[in-house]
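The analysis underlying the following values was restricted to heavy atoms, covering all of them including side chains, and did not include hydrogens, waters or symmetry mates. None of these values were measured; they are calculated from a predicted model.
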Amino acid sequence: EYAWRVATGVAHVGASAVGWTGVEQWECVCTMCAIASTDTDDSALLDSVEHRLKDCVMAKHAWAWASAVLVGAGIAYPGEAAGFWLYGGTLDIHSERVVSVLRGAFFEAIRPARQQMAAQGAACPETVMADMMRERVAAEARLDVFYVSEAFERSYDAREKKAGRPETVAAVRAEWRGYVRAARASNEMVVVLPRV
């Protein structure tokens with residue numbers, strides 16, 4: 001939903017308030033970037049949609065981590081972060097489970113990361129958004145593993161299919177492109193993602 005709001009221009013960002021009565025430009029800058037920057041030019045730190053997707057310190061860390069995941073999965077995306085988050089790229093990457101989960105994790109992390117940033121100020125790590133994304137991606141992979149395990153009691157919808165989850169262990173391993181592996185000590189599967 002947030003991606004759609006960004007793409008259609010209805011997402012509220014700090015830059016939307018510039019020019020409102022009683023709102024100064026300095027009040028509409030990205031707090032994290034203002035903390036991290038020595039630049040005194042507020043216009044470079046303005047909290048715009050492009051800033052949130054590409055230029056923000058948190059977004060840069062999120063993209064660096066997501067890029068490492070894509071490389072590890074053998075998925076080529078030659079474009080920039082904003083294009084990736086807004087569903088750019090070739091048609092073949094749109095069907096990749098890793099790609100869809102990464103994109104969802106990014107948009108899910110924007111609001112809580114900014115809330116944590118506002119609450120903690122300078123104590124908030126620049127990697128907060130990437131850390132949240134990593135946890136979300138790992139949770140999705142663990143759910144896929146759980147749904148194909150013997151511990152999960154199958155439930156099906158009207159079409160006799162599980163909604164959006166791989167059906168077999170082989171499918172889970174193929175969908176996660178090496179990030180779900182067999183554990184060394186047992187026959188269970190484990191999720192192994194790059195560090196932030």
Side-chain angles (χ1 to χ4, degrees), residues 1-18 25-26 28-118 124-141 175-179 191-196:
E1 179 188 351
Y2 189 79
W4 175 82
R5 289 171 59 210
V6 166
T8 57
V10 297
H12 178 75
V13 291
S16 308
V18 172
Q25 183 168 325
W26 66 267
C28 301
V29 300
C30 174
T31 310
M32 177 61 82
C33 293
I35 291 168
S37 176
T38 56
D39 193 356
T40 57
D41 179 18
D42 287 343
S43 63
L45 306 174
L46 196 60
D47 181 26
S48 64
V49 169
E50 183 176 347
H51 182 82
R52 284 194 184 181
L53 297 180
K54 183 179 99 171
D55 297 329
C56 178
V57 172
M58 289 190 304
K60 286 179 181 179
H61 283 283
W63 176 239
W65 182 76
S67 295
V69 171
L70 293 173
V71 167
I75 300 171
Y77 178 76
E80 293 184 353
F84 180 80
W85 302 132
L86 294 176
Y87 302 89
T90 59
L91 291 177
D92 58 328
I93 71 167
H94 294 299
S95 62
E96 293 284 349
R97 180 121 175 92
V98 172
V99 170
S100 63
V101 172
L102 276 173
R103 286 174 172 157
F106 176 79
F107 285 106
E108 284 180 24
I110 290 175
R111 180 174 285 140
R114 293 183 71 78
Q115 289 170 342
Q116 187 170 335
M117 175 188 68
C124 185
E126 294 176 340
T127 60
V128 64
M129 200 157 135
D131 292 330
M132 288 179 179
M133 286 176 57
R134 186 178 191 277
E135 287 305 312
R136 183 67 184 135
V137 171
E140 278 298 315
E175 292 279 334
W176 283 100
R177 294 179 156 251
Y179 289 120
V191 177
V192 181
L193 291 170
R195 297 229 176 265
V196 172

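- Residues Gly89 and His94 share a closest heavy-atom pair of O-NE2, 3.6 Å.
- In this structure a side-chain-to-backbone donor-acceptor pair under 3.5 Å is missing from Tyr87 to Arg103.
- Put simply, SG on Cys124 and CE on Met117 are 7.0 Å apart, with the number rounded to the nearest 0.5 Å.
- You'll find the side chain of Leu102 stays beyond 4.5 Å of the side chain of Phe106, heavy atoms only.
- A donor-acceptor pair is defined here as one N or O able to donate and one able to accept, closer than 3.5 Å; no such pair exists between the side chain of Trp63 and the backbone of Leu53.
- To the nearest 0.5 Å, atom CD of residue Glu175 and atom CD of residue Glu96 are 7.5 Å apart.
- The structure places OG1 of Thr127 at 12.0 Å from CH2 of Trp65, a figure rounded to the nearest 0.5 Å.
- Taking 4.5 Å as the limit, some side-chain heavy atom of Arg97 sits within range of a side-chain heavy atom of Glu140.
- Nearest approach of Tyr179 to Pro194, heavy atoms of both residues: CE2-CD, 3.6 Å.
- Taking a 6.0 Å sphere around CD of Glu80, one finds it holds 12 or fewer heavy atoms contributed by other residues, nucleotides or ligands.
- Residues Arg195 and Arg134 are in side-chain contact: their nearest non-hydrogen atoms beyond the backbone lie under 4.5 Å apart.
- Within the 4.5 Å cutoff, no side-chain heavy atoms of Asp131 are placed close to those of Glu135.
- Here the straight-line distance linking atom CZ of Arg111 with atom CZ of Arg52 works out to 8.5 Å at 0.5 Å rounding.
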Please report the C-alpha distance between Cys33 and His51 in whole Å, then the side-chain angles of each, then the deciding distance to 0.1 Å, and finally whether the side-chain contact (heavy atoms from CB on, under 4.5 Å) criterion is met.
CA-CA 10 Å; Cys33 293; His51 182 82; 3.2 Å; yes
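- Distance alone, capped at 3.5 Å, places no donor-acceptor pair between the Tyr77 side chain and the Leu70 backbone.
- Smallest separation of non-hydrogen atoms from Met133 and Ala66: CE-CB, 4.3 Å.
- Between Met58 and Arg114 there is a side-chain heavy-atom pair separated by less than 4.5 Å.
- Across all non-hydrogen atoms, the minimal contact from Glu126 to His61 is OE1-NE2, 3.4 Å.
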